[in-house]
Undergrad: 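Mind looking over this structure? Questions follow.
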Amino acid sequence: MRYNFNDIEAKWQAYWAKNETFKAENHSDKPKYYVLDMFPYPSGAGLHVGHPLGYIASDIYARYKRHQGFNVLHPQGYDSFGLPAEQYAIQTGQHPAITTEENIKTYRRQLDQIGFSFDWSREVRTSDPKYYKWTQWIFIQLFNSWYNKKEDKAEDISELIKRFEAEGNAGVSAACDDAVATFTADEWNAFSSEQQQRILLQYRLTYLAETEVNWCPALGTVLANDEIVNGVSERGGHPVIRKKMTQWSMRISAYAERLLQGLETIDWTDSLKESQRNWIGKSVGARVVFPVLPAEQGGQESLVISVFTTRPDTIFGVSFMTLAPEHELVAQITTPEQKAEVEAYIAATARRSERDRMADVKTVTGAFTGAYAEHPFTRKPIPIWIGDYVLAGYGTGAVMSVPCGDQRDYDFAKHFNIPIPNIFEGVDISKEAFVDKENTIIANSDFLNGLNYENATRKVIEALEHLGQGEGKTNYRLRDAVFSRQRYWGEPFPVYYVNGMPQMIDAQYLPITLPEVEKYLPTETGEPPLGNATVWSWDTINHKVVSNALCQSDSSGSAEDADNGVYPLELNTMPGWAGSSQYFNRYMDPHNDEEIFSQEAINYWQQVDLYIGGSEHATGHLLYSRFWQKFMFDKGLVPYDEYAKKLINQGMILGTSAFVYRINEKPDFFISGALYNDYNNPESKSEALAVIRQFTGDDLTDIQLDPIHVDVKFVNSSDEVDASGIKQWMKDYNYEHVQFIGTEEESKRGVIRVNRDVEKMSKSKYNVVNPDDICLQYGADSLRLYEMFLGPLEQYKPWNTAGITGVHSFLKKLWRLYYDDSGFRVTDSEASKANLKTLHKTIKKVQEDIENFSFNTTVSTFMIAVNEFTSQKCNSREILSPLLILVSPYAPHIAEELWEALGHQESISTEPFPIFEEKHLVESTKNYPISFNGKFRFTLELPLDMSKEAIEATVLAHQKTQEQLQGRTPKKVIVVPGKIVNIVG
RNA sequence: GCUGAAGUGGUGGAAUUGGUAGACACGUUGGACUUAAAAUCCAAUGGCCAUUAUGGCCGUGCGGGUUCAAGUCCCGCCUUCAGUACCA
């Protein structure tokens, strides 16, 4: 019987689906284990072989854990809100829901065909109203919460209101807007409801505020910081500008310290933790207040400049101050004489885009404001400058410049001839600043002289606090996350407006579902696409979404609306990360319409034991979801404030692109990779040029060659495209007018050689390999094994279809252990010692490998085992039965088929994992490699239970040793029992 | 610049954590089977030298060091990839 993988795989996939083999129950006598994948965005292109890498790894682990006797939760779903479906809708008018549904069907078919053990009964889709009902619900919970810094947790907003009513806000330590004003209880109680609401917004964990956002005009939406790469949008590469807009924000900054501390408690990769630490960007230092000296004329009111510094110990080295050009005090303090210069400078920096500013960090620019500030200790005047090396968005947008201790301050001072006082003992600062704070001794600094960094810092902060001119402060780079998107295909907010103030829709009326719109672009008045909906107002009396016509006001919800109780709804939608921040918990109880999940379910599954996904989400999804989890923990909804105990980043599988080259001067001619290489080799350049000229019939002397991607499906394993491939390629890509030029040898054989290069796998690079093709030709089990075999999980590695024959022939060999030409060959005969040794060696290795996530070496272990069993002619059921269980996580289809052939009725998937027995590996003798000063080497077989001394004596007495030593006396003999003998001369 | 990861045959990659480097696979070469191809099987395959067999020398990015023993540990460099950045 032949190994007919196509039939076998289809058969078992149908069996698993029919019997719900992988359905997980929310209670069990078995211990639980939760294996999670990052759910995919269902794009129109479908899966390529790179996508399932992490899913295969997690599936192997999930299947292994089932064999180990765990109740395994291994769910899958779709992150189905997103830009591409909406862009497609804008172009074609097709509703994103339809596109998404189609794409999901393709994904599901492709995933099923690989044989994953997902519990599909728990599937979630972020775009499903039943799911996003709970995304909206969490939003409401965030709105109704504030962050109590004293308790270090989120609390209900009603607690805050009570405290305002009783004592005002002076004693409240909260994470809130910096600009919040102090008020007493009496003042609070006297405020209008609208004023109160406005103040509360400054405390809520999700709030509406005028913020400077990253606006992408081409996409017509704002982007989060992590959605911008090198100053352009991650999707599409469009330019991004700064713009002020009223937006929803998430007060993630309240959780900065806990997000940082939490990293210590979880088993995530160092590089990923480091990315998050950098993103949170904690720096410890001090806030220092510098009073601005009143200008001689005008008698300005006393202004102060507040700065943040990590080096308060260098305060006596301050020789100037620098403000960001956008700093709010710049206009007020600039003297009339300097006004023109300062304004010109501000205008010049405003013209420079963010990108230019980043690219050009070398040039020192700035302007003097003419104003001076007073040093808190020396009371001497310090000139105030502006310079674009100071960023408005970090710290206070102002720095105290210490040129001797900071290279940027140093460069600035040199450029503008500002004095550089040296406050470090025994340090030369004539060439550059001295930035090493570990080896600092402060000098020329009054009461700080002779102190090191730590002591000086402590003393300065005490002194500043005593003066009331500063205090110790910790600063975080992490900004609050903008939560509004001017998009259609996202979660609608459960928000309506009364007199411009946002109101939450009561949770019992959720979900607020997306309205139908005529077109998916912004409205003519510039409002988000939801502004196109005719039905999109909230009726507070009947509690439902109703026609816009019933609502008088277009945006604010004016007084007239109050008469009929109909108010406008929020027109923005939530960003992509909203839905993905809670899906891992929702899988535990995905069909619950009463609660986000039952306490029973969350207490059973608790948290994710293993999470596998790409590292590209390091500062996006993986940070936001931790924030939501901590919030849910504060609300008592989840038992852990970290949701994923262990996380592994799988690497990417890259494509191997193929290139030929277009002659820039003669775009109708393409040359082969071989000819290109000849042309670029000085020795063969003229020859290559002669060949090219024969075709172009021209006197080309120097040509420019542009690489053109050839679709890899036309290229054979020798990197060649044959005549029929060329023809097909030209037809498919409208290159019929093109003429190919190859080397003489290529022309003779009618082929074109391509050059290869490794790139990210992508449709536009024509290097995509489709798993459908692989499954058809080699089977899903081959695909699974090969993806693992390619290399360590975390590593980036190129795909090379040619290599798959290795694992495929392994499967065929495995099959032949059970079936040969004469039929089923497994018998009840007794296993030999050699059989048992191979089996137990394999059990041990496989178990160790899987537990270390070293999936690539397991495949080798399988191959070795099968080769050994084949040469042992092993046909014992006692061996071949457990072997299948070992293989089944990797190649589940063939394992099920052979398991059935062995006479089992049930699926192999929950069979107990074979138990390793040391006794089968124990040997009585061992080969000791013997060497003398690394010179001669031979092996000697000795009993294992020999003592060190006995081994030494035996070795020295051995004839071969005596011959080799040639009468010399060894100095020392090193014996490592069971391993090695070294004779040292 | 900083942070993280990594450098091993023609290629992907192993190496029980200091103990015979190159497992396993691809590729290549030779052979068997076949009318032929495919498939399958067998053999060789780090480099150099020797060959009548047993062999010998050099080899894990580079330069040092520790050790009986280093791909692995220590010091100093180089290179590549990824993330991040006028962050005060």
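Here the structure is a predicted model, which is why all the values come from computation and not from measurement. Every chain is numbered from 1 and lettered A, B, ... according to where its sequence line falls, protein lines coming before strand lines.
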Undergrad: Could you measure between the two P atoms, the one in B:rU54 and the one in B:rG46, and give it in whole Å?
TA: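 Looking at atom P only, B:rU54 and B:rG46 are 16 Å apart.
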Undergrad: Please check the phosphate of B:rG13 (OP1 and OP2 only) for any side-chain N or O of A:Ser860 closer than 4.0 Å.
TA: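 Result: no.
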Undergrad: From B:rU84, B:rU40, B:rC86, pick the nucleotide closest to the side chain of A:Asp388?
TA: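 For the A:Asp388 side chain, the nearest candidate turns out to be B:rC86.
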Undergrad: Taking only the side-chain heavy atoms of A:Val390 (C-beta and beyond), determine which of B:rU40, B:rA5, B:rA88 contains the nearest atom.
TA: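 Output: B:rA88.
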Undergrad: What's A:Lys841 touching, base or sugar-phosphate or nothing? Going by heavy atoms closer than 4.0 Å.
TA: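 Counting heavy atoms under 4.0 Å across all strands, no contact is made by A:Lys841.
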Undergrad: Does a donor on one side chain sit under 3.5 Å from an acceptor on the other, for A:Thr857 and A:Ser860?
TA: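 Looking only at side-chain atoms, A:Ser860 and A:Thr857 do not form any donor-acceptor pair under 3.5 Å.
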Undergrad: Can you see if the side chain of A:Gln795 gets near the phosphate of B:rA5 - specifically, an N or O under 4.0 Å from OP1 or OP2?
TA: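 No, A:Gln795 has no side-chain N/O under 4.0 Å of OP1/OP2 on B:rA5.
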Undergrad: How many Å lie between CD on A:Glu868 and C1' on B:rC24, as a whole number?
TA: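 Distance, rounded to whole Å: 12 Å.
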Undergrad: Between A:Val859 and A:Leu790, who's closer to the 5' end of RNA chain B by nearest nucleotide?
TA: A:Leu790
Undergrad: Provide the distance between the two P atoms, one in B:rC42 and one in B:rC33, to the nearest whole Å.
TA: 16 Å
Undergrad: If the glycosidic angle sits within 90 degrees of zero it is syn, else anti. Tell me which applies to B:rG31.
TA: anti
Undergrad: Hunt down the Watson-Crick or G-U wobble partner of B:rU79, both distances under 3.5 Å, from any strand shown, or write none.
TA: B:rA6
Undergrad: In whole Å, what separates the P atom of B:rU28 from that of B:rC77?
TA: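 Looking at atom P only, B:rU28 and B:rC77 are 44 Å apart.
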Undergrad: Can you see whether A:Thr838 engages A:Gln872 through a side-chain donor-acceptor pair at a distance of less than 3.5 angstrom?
TA: yes
Undergrad: Any strand counts, and the cut-off is 3.5 Å on both contacts for Watson-Crick or G-U wobble. Which nucleotide pairs with B:rG19?
TA: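 Matched B:rG19 with B:rC68 under the 3.5 Å cut-off.
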Undergrad: With the side chain of A:Glu274 defined as its heavy atoms from C-beta on, choose the nearest nucleotide among B:rA88, B:rC41, B:rU3.
TA: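 Taking heavy atoms from C-beta onward, the closest nucleotide is B:rU3.
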Undergrad: Is there a ring-ring contact (aromatic ring centres under 6.0 Å, His included) between A:Phe316 and A:His375? Walk through the geometry before answering.
TA: CA-CA 9 Å; A:Phe316 286 92; A:His375 192 283; 5.5 Å; yes
Undergrad: Which base, if any, makes a Watson-Crick or G-U wobble pair with B:rU60, both distances under 3.5 Å?
TA: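 The answer is none; no pair meets the criterion.
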Undergrad: With both distances under 3.5 Å as the test, what is the Watson-Crick or G-U wobble partner of B:rA37?
TA: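 For B:rA37, the partner nucleotide comes out as none, under the 3.5 Å rule.
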Undergrad: Roughly how far apart, to the nearest Å, are B:rG13 and B:rC81 at atom P?
TA: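 Approximately 16 Å lies between the P atom of B:rG13 and that of B:rC81.
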Undergrad: Is it true that A:Glu848 and A:Lys845 have a side-chain N and a carboxylate O under 4.0 angstrom from each other?
TA: no
Undergrad: Scan A:Ser271 against the nucleic acid and name what it touches under 4.0 Å (heavy atoms): base, sugar-phosphate only, or nothing.
TA: sugar-phosphate
Undergrad: With P as the reference atom in both, quote the distance from B:rU72 to B:rU8 in angstrom, rounded to an integer.
TA: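 To the nearest whole Å, 14 Å.
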Undergrad: Could you state the CG-P distance from A:Leu272 to B:rG4, rounded to the nearest angstrom?
TA: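 For the pair A:Leu272 CG and B:rG4 P, the rounded distance is 14 Å.
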Undergrad: Are A:Lys273 and A:Glu264 close enough for a salt bridge, meaning some N to O gap below 4.0 Å?
TA: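 A salt bridge is absent here (no side-chain N lies under 4.0 Å from a carboxylate O).
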Undergrad: Measure CD/A:Glu720 against P/B:rG27 and give the value in whole Å, please.
TA: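 Going from CD in A:Glu720 over to P in B:rG27 covers 16 Å.
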Undergrad: So what does A:Arg816 touch, heavy atoms closer than 4.0 Å: a base, only the sugar-phosphate, or nothing?
TA: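 Since only primed, P, OP1 and OP2 atoms lie under 4.0 Å of A:Arg816, the category is sugar-phosphate.
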Undergrad: Taking all heavy atoms of A:Leu817 and all of A:Arg825, pick out the closest pair and write down the distance.
TA: O-NH1, 2.6 Å
Undergrad: So what does A:Asn867 hit on the nucleic acid, given a heavy-atom distance under 4.0 Å: a base, only sugar-phosphate, or nothing?
TA: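 Since only primed, P, OP1 and OP2 atoms lie under 4.0 Å of A:Asn867, the category is sugar-phosphate.
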Undergrad: With a 4.0 Å limit, can you tell me whether A:Arg277 has a side-chain N or O closer than that to the phosphate oxygens OP1/OP2 of B:rG4?
TA: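 False: A:Arg277 side-chain N/O out of range (4.0 Å or more) of B:rG4 OP1/OP2.
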Undergrad: Grab the CZ-C1' distance between A:Arg477 and B:rC2 for me, whole Å please.
TA: 13 Å
Undergrad: Regarding A:Asp480 and A:Ser253, is there a side-chain donor-to-acceptor distance under 3.5 Å anywhere?
TA: yes
Undergrad: Of all the nucleotides listed (B:rC86, B:rA25, B:rA5), which has the minimum atom distance to the side chain of A:Met863?
TA: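 Looking only at heavy atoms from C-beta outward on A:Met863, the closest nucleotide is B:rA25.
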Undergrad: Calculate the interatomic distance between A:Gln847 atom CD and B:rU16 atom C1'; express it in whole Å.
TA: 15 Å
Undergrad: Which whole number of Å gives the distance between the C1' atom of B:rG59 and that of B:rC48?
TA: 10 Å
Undergrad: Which one, B:rA88, B:rC24, B:rA14, comes nearest to the side chain of A:Leu391?
TA: B:rA88
Undergrad: Choose from B:rU40, B:rC24, B:rA88 the nucleotide whose nearest atom is closest to any side-chain atom of A:Ile864.
TA: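 Among the listed nucleotides, the one closest to the side chain of A:Ile864 is B:rC24.
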Undergrad: Could you tell me the Watson-Crick or G-U partner of B:rA25, where both distances fall under 3.5 Å? Say none if there is no partner.
TA: B:rU11
Undergrad: NA contact type, A:Pro798, heavy-atom cut-off 4.0 Å: base, sugar-phosphate, or nothing?
TA: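 No contact.
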Undergrad: Could you let me know what B:rU84 is paired to, Watson-Crick or G-U wobble, both distances under 3.5 Å, or none if it's on its own?
TA: B:rG1
Undergrad: Please find the pair of heavy atoms, one from A:Tyr389 and one from A:Val399, that lie closest to each other, and give the distance.
TA: OH-CG2, 4.3 Å
Undergrad: Name the closest nucleotide to the A:Thr857 side chain, picking from B:rA14, B:rA5, B:rG13.
TA: B:rA14
Undergrad: Taking only the side-chain heavy atoms of A:Lys813 (C-beta and beyond), determine which of B:rC87, B:rC26, B:rA25 contains the nearest atom.
TA: B:rA25
Undergrad: Rounded to the Å, how far apart are A:Trp799 CH2 and B:rA25 C1'?
TA: 14 Å
Undergrad: Under 4.0 Å, heavy atoms only, any strand: does A:Gln407 hit a base, just the sugar-phosphate, or nothing?
TA: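 No contact.
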Undergrad: With P as the reference atom in both, quote the distance from B:rU52 to B:rA15 in angstrom, rounded to an integer.
TA: 40 Å
Undergrad: If the glycosidic angle sits within 90 degrees of zero it is syn, else anti. Tell me which applies to B:rU17.
TA: syn
Undergrad: Base, sugar-phosphate alone, or nothing: which one does A:Ser615 contact when heavy atoms must sit under 4.0 Å apart?
TA: nothing
Undergrad: Taking atom C1' of B:rC24 as reference, at what distance in whole Å does atom OH of A:Tyr890 sit?
TA: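 These atoms are roughly 14 Å apart.
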Undergrad: How close or far is atom C1' of B:rA39 from atom CD of A:Gln777, stated in whole angstroms?
TA: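 Answer to the nearest Å: 14 Å.
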Undergrad: 5'-most contact on RNA chain B: A:Val807 or A:Lys812, nearest heavy atom basis?
TA: A:Val807
Undergrad: Salt-bridged, A:Lys837 to A:Glu868, with N to O below 4.0 Å?
TA: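 Not counted as a salt bridge, because no side-chain N and carboxylate O are separated by less than 4.0 Å.
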Undergrad: Report which part of the nucleic acid A:Asn856 touches: base, sugar-phosphate, or nothing (heavy-atom distance under 4.0 Å, all strands).
TA: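 Result for A:Asn856 = sugar-phosphate.
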Undergrad: With rounding to whole Å, what would you report as the distance between B:rG4 and B:rG55 at their C1' atoms?
TA: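 B:rG4 and B:rG55 have their C1' atoms separated by 47 Å.
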